[in-house]
2 protein chains.
Amino acid sequence: MATLKDISVELGLSVATVSRALNGFPEVGAKTRSRVQDAAARLGYRPNRSAQRLATGRSGVVGMIVKLRADMSADQTFFDVLTTLTAELAARDLDLVLSVDQGDDPVAPYARMLERDLLDGFVLNAPATGDPRPGFLMARGVPFVMHGQADPAPGYAFFGIDNTAVSVDSVGLLASLGHARIALINGEPRFAFAAEREAGFRAAMTAEARAVPAAFIADGPPTESTGYTLALSWLSGRAGPRPTAILCATTPVAAGVLRAARDLGLSVPRDLSVVAHDDALPNIRPAHFNPALTVTHAPLRDACAPLAEMLIDHLNGAPAARLQTVKRAGLIVRASTGPVPKGEEHPWQIP
Amino acid sequence: MATLKDISVELGLSVATVSRALNGFPEVGAKTRSRVQDAAARLGYRPNRSAQRLATGRSGVVGMIVKLRADMSADQTFFDVLTTLTAELAARDLDLVLSVDQGDDPVAPYARMLERDLLDGFVLNAPATGDPRPGFLMARGVPFVMHGQADPAPGYAFFGIDNTAVSVDSVGLLASLGHARIALINGEPRFAFAAEREAGFRAAMTAEARAVPAAFIADGPPTESTGYTLALSWLSGRAGPRPTAILCATTPVAAGVLRAARDLGLSVPRDLSVVAHDDALPNIRPAHFNPALTVTHAPLRDACAPLAEMLIDHLNGAPAARLQTVKRAGLIVRASTGPVPKGEEHPWQIP
DNA sequence: CTGAAAGCGCTTACAG
DNA sequence: CTGAAAGCGCTTACAG
């Protein structure tokens, strides 16, 4: 393995200059820099991470703690994000160490990890409403970035999508097609994103002057069977007048809804419109659904690069207030949404 | 953070002695050692990994490469192993870095990882028959341990279960119950474990003088639907005389078999005996199956500690020949196996 | 059994 | 714009 010393000898420079040239210090002259870069490439130089870390006092490792869940589709989501995040962090010379937790205390695993490992920071996932983790870490001065946001106006770094807009945009599309009875199959209420989606949904429905009976806002694990069970009960008409459109938290949920409609002999989109939020899970292609699924689209894995970038910036001293990004999901209209059926334009009557 | 220096000052010793005491060098006196250990605990000393790694020339990171699969149950298995393995390696001061690969060349990702990262070694998973990875890594002198074994008498370190015995033991149990028509739903043939299980199955059946028609040895992804589909076709009798017992590669496969039996109005174990190999996946409890499932039992996660231990030993110079362990899976007899139905004791007639 | 010293490969004030 | 030097916190021959 070539070292800085090797390059410095090769070029008759000091290791200090070689180090500065390679690290982009502005005071190094252009020709010197390119000579150094050439030599580094020629000798196959790779910085020794341990030496860099020892010299800078950083460990180069960031932690992430995951809750083990019974639910398999969560594992799949997690797996996708994990691999992408690992790659994005690696590209920035950061190692990700993972810890699995099954306990009830949300902050205990962080405390444990902090005292066991030398960590430069954390990536927080799955924000819950009233999440205690940000407060815990901020009190200890530990840098972190959150995937999503747990608070309306956070004092910490985060990257997420506008979940209110996800609902508002979906309702907007359906309303423009004449739908008045729109039901929601939401994510589990402990997650902050689900609260935001529900708030957006209620606000948009209220703005359209369409009240929603409590029975038509439901939630569950993000699975096909959640979608199937709820849709079956709603579409059978047992809970009251059938919705003409259903908003789904995830694409597997939408798959269940489509199956329920099929089983009941309903045609999509003639009898029912379906919209889902699409996290772009591997192996699930809403465009290949039958009918192709209308979605709000925001790949989870697209968050990984920004998260890694923000964490690096944060570790380099950027203030949290600068490191807050909310992306708007795109609305992709496909074949699962259509005009409200004739005669079904009336909203629910709330007693 | 306390350092060796802090301890040495506290105790009036040299850092060298402190280092030796903490690292278990035999030449350090007992009282000195315990004084040092006390002081270390009192000061909350944690070794600086970067410094250790720089001094020893080891990176402290080992790599693992996973193939991304469409199949979700594989993800789940992988997830379980990954988290346990990470913990076991961390307990031995090793970081695991993960890389995901989707390409066709089995060795290319290793070459890439080797040139990108400073790695001390690898953990290899999912051995295939004729796996080129061991040869590739051995030629480069890169230490690794394999989970399972790709070759009959490997020249490398590995930890696995006796897959031949898995089949032999299962067939033995069924034969003792009088079964003669035993079918096999195996793992996918590209994996070495599946080849071993099939060989064991054939050998055991031959030993019992029970030939098996080709149609009754099948394979597929380790899913419920694989089990359901194959069992449905076999038990309907379309493929010839029904098997009276089915051996399943995994517990999800067995779940599918049980469902097929139920759909056909067959009772287990009265009409059909079912045995599966149980990797002890999270969230799948063969004891809670209905009926409770008879299995060969070998938790995948139990391999993690031995793998970590062997890798450490290997990195410390232990020769591969010393680091080869084959565990025998336990046979757990539950309610899904019973005596062969009266009148069904005759074997298949092979033309 | 213990210590003094060199070295691992970087980074970064401090001088010039 | 560049260099000499100290230092990050360990480990480990080499002496004694």
Side-chain angles (χ1 to χ4, degrees), chain A residues 1-37 39-40 43-61 92-95 117-120 312 315-317, chain B residues 1-37 39-40 43-61 92-95 117-120 312 315-317:
Chain A
M1 260 301 89
T3 67
L4 286 188
K5 184 106 184 263
D6 296 330
I7 301 177
S8 77
V9 168
E10 174 92 359
L11 261 32
L13 289 167
S14 69
V15 294
T17 300
V18 174
S19 172
R20 292 191 192 102
L22 255 18
N23 288 309
F25 280 50
E27 61 263 36
V28 178
K31 28 182 128 234
T32 306
R33 187 186 309 278
S34 68
R35 283 180 63 217
V36 170
Q37 285 167 336
L43 299 176
Y45 171 74
R46 328 243 65 216
N48 180 315
R49 294 280 150 71
S50 301
Q52 287 181 319
R53 289 168 181 181
L54 180 58
T56 58
R58 294 229 198 121
S59 72
V61 353
R92 292 162 180 83
D93 296 342
L94 249 27
D95 290 334
D117 296 309
L118 258 336
L119 289 186
D120 289 341
I312 276 283
L315 297 180
N316 289 335
Chain B
M1 261 302 86
T3 68
L4 286 188
K5 184 103 182 265
D6 296 330
I7 301 179
S8 76
V9 168
E10 173 92 359
L11 261 32
L13 291 168
S14 71
V15 294
T17 299
V18 174
S19 172
R20 292 192 192 100
L22 256 16
N23 288 310
F25 280 51
E27 61 262 35
V28 178
K31 36 205 104 225
T32 306
R33 188 187 308 280
S34 67
R35 282 179 64 216
V36 170
Q37 284 167 335
L43 299 175
Y45 172 74
R46 325 244 65 216
N48 181 315
R49 296 280 150 71
S50 302
Q52 287 182 319
R53 290 167 180 181
L54 180 57
T56 58
R58 294 230 197 118
S59 71
V61 351
R92 292 161 181 84
D93 296 343
L94 247 28
D95 290 333
D117 296 308
L118 258 335
L119 290 185
D120 289 341
I312 276 283
L315 297 180
N316 289 334

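Note: hydrogens, waters and symmetry copies are ignored here, and every other heavy atom, side chains too, is used.
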### Task
Look at all strands and tell whether B:E27 reaches a base, only sugar-phosphate, or nothing, counting heavy atoms closer than 4.0 Å.
base

### Query
In whole angstroms, how far is the C1' atom of C:dT12 from the CG atom of A:L4?
13 Å

### Task
Report the distance from atom CG of B:D95 to atom CG of B:D120, rounding to the nearest 0.5 Å.
10.0 Å

### Task
Could you check whether B:G57 gets within reach of a base, just the sugar-phosphate, or nothing at all, counting any heavy atom under 4.0 Å?
nothing

### Query
Hey, does B:R20 reach any base, or is it just sugar-phosphate, or nothing, if we go heavy atoms under 4.0 Å?
base

### Task
Round to the nearest Å and state the distance from A:N316 atom CG to C:dT12 atom P.
10 Å

### Task
Provide, to the nearest angstrom, the distance between the CG atom belonging to A:L11 and the C1' atom belonging to D:dG3.
15 Å

### Rounded distance in Å - OH (B:Y45) to C1' (D:dC10)
7 Å

### Task
Ignoring backbone atoms, establish whether A:Q52 has a side-chain N or O less than 4.0 Å from OP1 or OP2 of C:dT11.
yes

### Query
If pairing requires Watson-Crick or G-U wobble contacts with both distances under 3.5 Å, which nucleotide is the partner of D:dT2?
C:dA15

### Query
To the nearest angstrom, how far is A:L22 atom CG from C:dC10 atom P?
9 Å

### Message
Work out how far the C1' atom of C:dT12 is from that of C:dG16, and round it to whole angstrom.
### Response
16 Å

### Message
Let me spell it out: for each of A:T56 and A:P26, pick the nucleotide of DNA chain D with the closest heavy atom. Which residue's pick is nearer the 5' end?
### Response
A:P26

### Query
Just how far, in rounded Å, is P of C:dG9 from CZ of B:R58?
16 Å

### Query
Want to settle it: does A:A2 or B:T17 sit nearer the 5' end of DNA chain C, counting the closest nucleotide to each?
B:T17

### Query
So what does B:R46 hit on the nucleic acid, given a heavy-atom distance under 4.0 Å: a base, only sugar-phosphate, or nothing?
sugar-phosphate

#### Entry: Nearest-Å distance for atom pair CZ/C1', residues B:R49 and C:dC10
20 Å

### Task
Can you tell me the distance, in whole Å, between the NZ atom of A:K5 and the P atom of C:dG9?
9 Å

### Message
By the 4.0 Å heavy-atom rule, please label A:S50 as base, sugar-phosphate, or nothing.
### Response
nothing

### Query
Out of C:dT12, D:dT2, D:dG9, which has the shortest distance to the side chain of A:S19?
C:dT12

### Message
Before you tell me yes or no, could you show the steps for B:V36 and B:L11 under side chain to side chain contact (heavy atoms under 4.5 Å, CB included), namely the whole-Å CA-CA distance, both residues' side-chain angles and the distance that decides it to 0.1 Å?
### Response
CA-CA 8 Å; B:V36 170; B:L11 261 32; 3.9 Å; yes

